[in-house]
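Take a look at the structure set out below.
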Amino acid sequence: MAMKKLDELFMAQAIKEAAKAFEKDEVPVGCVIVHKGKVIAKGHNQVEMLKDPTAHAEMLALTSAANALGSKWLNGASIYVTIEPCSMCAGALVLARIKEIVFGAPDPKTGACGSVFDIANCKKLNHRIQVRSGVLEADCALLLKEFFRKKRAKEN
């Protein structure tokens, strides 16, 4: 299967995870981690539910993927995430030695894979991550826009 089709297939699964967060009134971010062509972990934001600022989709999926592989290092694994990872998540992905980050929508306020910072490719760190962006970007951004539109409507 062509790379673009595979990217879209895995990103569609990440979007399903983001929809789960949306239904729970969490910021709708979702991700899947793929190793050797197979999804080994999934995650969606649970910050509000767990009352934990670190309960981002990527962090929860990283823990699950490490357990699935029995290793703190996720060599050869790819993460598909609906929005550009923040500095915390990008740092954790570097520490996990993930091979690549594929994200949908950029995050101009907190994105750490090129938008605000570029932790994934910081030459001072011991590991660099390949980054691809824009996969199903409109679909990924739509959930976020709808979520924040509803939030603003409630506040007014």
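Keep in mind that what you see is a predicted model, and the values were worked out from it rather than measured. Index from 1, following the sequence.
In the hydrophobic clustering of ILVMFWY residues, with side-chain heavy atoms under 4.5 Å counting as a link, Met49 and Leu143 come out apart. Linking Ile, Leu, Val, Met, Phe, Trp and Tyr residues whenever their side-chain heavy atoms come within less than 4.5 Å leaves Val47 and Leu93 in two separate clusters. In the hydrophobic cluster analysis, where Ile, Leu, Val, Met, Phe, Trp and Tyr join through side-chain heavy atoms closer than 4.5 angstrom, Val29 is grouped together with Phe148. Note on Met11: it clusters hydrophobically with Val131, by side-chain heavy-atom contacts below 4.5 Å among ILVMFWY residues. Follow the hydrophobic side-chain contacts under 4.5 Å out from Val81 and you reach Ile40 in the same cluster.
With rounding to the nearest 0.5 angstrom, the CD1 atom of Ile15 is 10.5 Å from the CD atom of Gln13. Between Lys42 atom NZ and Ile33 atom CD1 the span is 12.5 Å, to the nearest 0.5 Å. Rounding to the nearest 0.5 angstrom, the gap separating the CD atom in Glu137 from the CG atom in Leu142 is 12.0 Å. Distance CG/Asn45 to SG/Cys31: 8.5 Å, rounded to 0.5 Å.
Scanning for salt bridge (charged side-chain N to carboxylate O under 4.0 Å, His left out) contacts around Glu48 gives an empty result, with sequence neighbours left out. Take Arg152 and apply the salt bridge (charged side-chain N to carboxylate O under 4.0 Å, His left out) test, not counting sequence neighbours, and it matches no residue. Residues meeting the side chain to side chain contact (heavy atoms under 4.5 Å, CB included) test with Lys24, sequence neighbours left out: Glu26, His44. Residues forming a side chain to side chain donor-acceptor pair (under 3.5 Å) with Lys151 (at least two apart in sequence, or on another chain): Asp25. Residues forming a salt bridge (charged side-chain N to carboxylate O under 4.0 Å, His left out) with Glu17 (at least two apart in sequence, or on another chain): Lys20. Under the salt bridge (charged side-chain N to carboxylate O under 4.0 Å, His left out) criterion, Lys51 pairs with no residue at all, not counting sequence neighbours. Residues passing the side chain to side chain donor-acceptor pair (under 3.5 Å) test with Ser71: none are found, sequence neighbours excluded. With sequence neighbours excluded, no residue forms a side chain to side chain contact (heavy atoms under 4.5 Å, CB included) with Lys16.
Listed by first then second residue, pairs satisfying side-chain hydrogen bond (donor to acceptor under 3.5 Å, both in side chains) with a partner in residues 29-39 number zero, not counting sequence neighbours. Within the structure, ring-ring contact (aromatic ring centres under 6.0 Å, His included) contacts touching residues 65-90 (residues at least two apart or in different chains) are Phe10-Tyr80.
Residue Cys113 comes nearest to Ala90 through the heavy atom pair SG-CB, 4.3 Å, listed as atom of the first residue, atom of the second, then distance. Counting all heavy atoms, side chain and backbone alike, Ile119 lies closest to Val94 at O-CG2, 3.8 Å.
For Phe117, the CZ atom counts as loosely surrounded, since its 6.0 Å shell holds 12 or fewer non-hydrogen atoms of other residues, nucleotides or ligands.
Between the side chain of Asn121 and the main chain of Ile129, a donor-acceptor pair closer than 3.5 Å is present.
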Quick one: side chains of residues 95-109, donor-acceptor pairs under 3.5 Å with protein atoms, not counting sequence neighbours, listed by atom name and distance.
unit_1 : atom_1 : unit_2 : atom_2 : d
Glu100 : OE1    : Arg132 : NH1    : 2.4
Glu100 : OE2    : Ser78  : OG     : 2.7
Asp107 : OD1    : Lys109 : N      : 3.0
Asp107 : OD1    : Thr110 : N      : 3.2
Asp107 : OD2    : Thr110 : OG1    : 2.6

Return a table of donor-acceptor pairs under 3.5 angstrom between the side chains of residues 55-69 and protein atoms on other chains or two or more places apart.
unit_1 : atom_1 : unit_2 : atom_2 : d
His56  : NE2    : Pro53  : O      : 3.4
Thr63  : OG1    : Met59  : O      : 3.3
Asn67  : ND2    : Thr63  : O      : 3.3

